[in-house]
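Here's the structure, in structure tokens; my notes come after.
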Amino acid sequence: MNQSLSLSSLLPLELEQVSFSHRGQTLLHAIDLRLGPRGKTIVMGPNGAGKSLLMRLCHGLLQPTSGTIRWAGKPQASRQEIRRRQAMVFQRPIMLRRSVLANVCYALAVHGVSWRQRNALAMQALEHMGLAALAQRPARVLSGGEQQRLALARAWALRPDILFLDEPTSALDPAATKAVEDAIEEFHRAGTRIVMSTHDLGQARRLADEVVFMCGGRLLEQTPAERFFEAPASLEAAAFVRGELIW
Amino acid sequence: MYDNSPWAAFELIARMDPALISIVALSLKVSLSAVAIATLIGLPIGAAVALWRFPGRSLLIVILNAFMGLPPVVVGLAVYLLLSRAGPLGKYGLLFTPTAMIIAQFVLVLPIIAALARQVIEDLWQEYREQLGSLGVTRRRAIPTLLWDARFSLLTVVLAGFGRASAEVGAVLIVGGNIDGITRVMTTAIALETNKGNLALAMGLGVILLSLVALINAAAYLISETSRRRLG
């Protein structure tokens, strides 16, 4: 294991000329992106802009067709080690057919936490997300909002350096959305780098330190949040912020 | 000798006739052993084929699917040749023993369990793939996870295998020889009584076999349904 990598942060994350093609179709065009060590980056853009794809490439679920992805200035050397220091929360949470507690314990087991410590760490994470009372319930009978909070608890237990969230609240009601946003702020306070996609403008305004705007598989701008909502640089982003249809 | 009335088989049951009890016990022993071994080997095979891409994978899937319909007499014949004195495994002297019957039923059941498990695991893998990948789960590590999480569907798969094993007569007849007290099971006994013209007795034995199979299926269904409802 790379000692310097395991002690220092994974960040910054740098993408250089990253493209992704599938079945002869280029879905992401030469993306250059640098994510610094702190803050909350919101990835915005219309459907099909490539937001989810970009996050899956960063997270390592997909490999770029060309270009390089570098963590802390190093090309992806020990993928296993890098993977273990990230977490991702998906639009539709996938829960194992086990209890709430066992779902968190499973993630800890995969990350090599000894079984003596798992239960305590998992319970801590559940308490953090307000799920302690549901610990013994089967995970798949929880409501959508509870399942998403469980996904966040699972991520919390792993203490990631960086957390990717792919439209985590798009299927949730306002109360559940609020709970997820509060949880994201908790991660932020604990020093976890946040990268989240959404097409809810209000949510982006509430959370963003920085906005990455994508359209048609291209990264059009990466701007501090205030400037993005006041005076976006690209025409497409300006139209998007005004709520107009763009494609 | 059995008398030829429709209730003869049930009278034998009521009297706990030792010959009948040993036939029933042997039937269960042979079929359950074959299914247990086929489950231990077939589930990991099904999961591995579901998760890995390798050359010849499609061919293997077609073969597994086709072998679900293997004719029992053909399997019986193949195992017979394998185990007969002149065959490659002849020196073990297994022909006409319950072990030979277990081997034959194992060969019949394995493709059923492996092929159906492959489908179940592949569907679940589609669902879990991104999440497990995100957690850093390797494919090898994913196999026990997927087998455990698919346990209710896989129970049905195993029952399908058990149904096949308990119903077949061709394979156990050829490799077992239907020897009274040694290799006689329910299905071979039914075939024998039918040949002798003891139709009512054969029918009675058939009803007993059916009841046993139904009982095992009902127990498995109850267990899986209650835990499924509990786990969602």
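In the text below, chain A, chain B and the rest are named by the order of the sequence lines, each starting its count at 1.
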TODO: Answer yes or no: are there more than 12 heavy-atom neighbours, outside A:R38 itself, under 6.0 Å from its atom CZ?
DONE: no

Task: Side-chain donor/acceptor of A:H111 to backbone N/O of B:G136, under 3.5 Å - done: no

- [ ] With the side chain counted from C-beta on, respond yes when A:F164 and B:S134 share a heavy-atom pair under 4.5 Å apart, and no when they do not.
- [x] no

Open item on the list: Please classify the contact between A:R56 and chain B as side chain, backbone, both or neither, with a heavy-atom cut-off of under 4.5 Å.
Closed with: side chain

Open item on the list: Which one wins on heavy-atom pair count under 4.5 Å against chain B: A:L158, A:L61, A:L142, A:L96?
Closed with: A:L96

Task: Atom CZ of A:R92: over 12 foreign heavy atoms under 6.0 Å - done: no

Open item on the list: Is B:R129 close to chain A through its backbone or its side chain, or both, or neither, when contacts mean heavy atoms under 4.5 Å?
Closed with: neither

Open item on the list: Once rounded to the nearest 0.5 Å, what's the spacing between atom CG of B:L135 and atom CE of A:M88?
Closed with: 12.0 Å

Open item on the list: To the closest 0.5 Å, what do you measure between CG (B:D149) and OH (A:Y106)?
Closed with: 8.0 Å

Open item on the list: Check this for me: B:R140, atom CZ, are more than 12 non-hydrogen atoms of other residues, nucleotides or ligands nearer than 6.0 Å?
Closed with: no

- [ ] For the residue pair A:I94 and B:E127, establish whether any side-chain heavy-atom pair is separated by less than 4.5 Å.
- [x] yes

TODO: Take atom CE of B:M203 as the centre, draw a 6.0 Å sphere, and report whether it contains more than 12 heavy atoms from other residues, nucleotides or ligands.
DONE: no

Task: Distance in Å, B:L124 CG paired with A:R97 CZ, rounded so as to fall on 0.5 Å steps - done: 5.0 Å

Task: Over 12 non-hydrogen atoms of neighbours within 6.0 angstrom of CZ in A:R116 - done: no

Open item on the list: Show, in sequence, the C-alpha distance, side-chain angles and deciding distance for B:Q131 and A:R154, and conclude whether the side chain to side chain contact (heavy atoms under 4.5 Å, CB included) test is met.
Closed with: CA-CA 11 Å; B:Q131 184 64 63; A:R154 190 159 60 184; 3.0 Å; yes

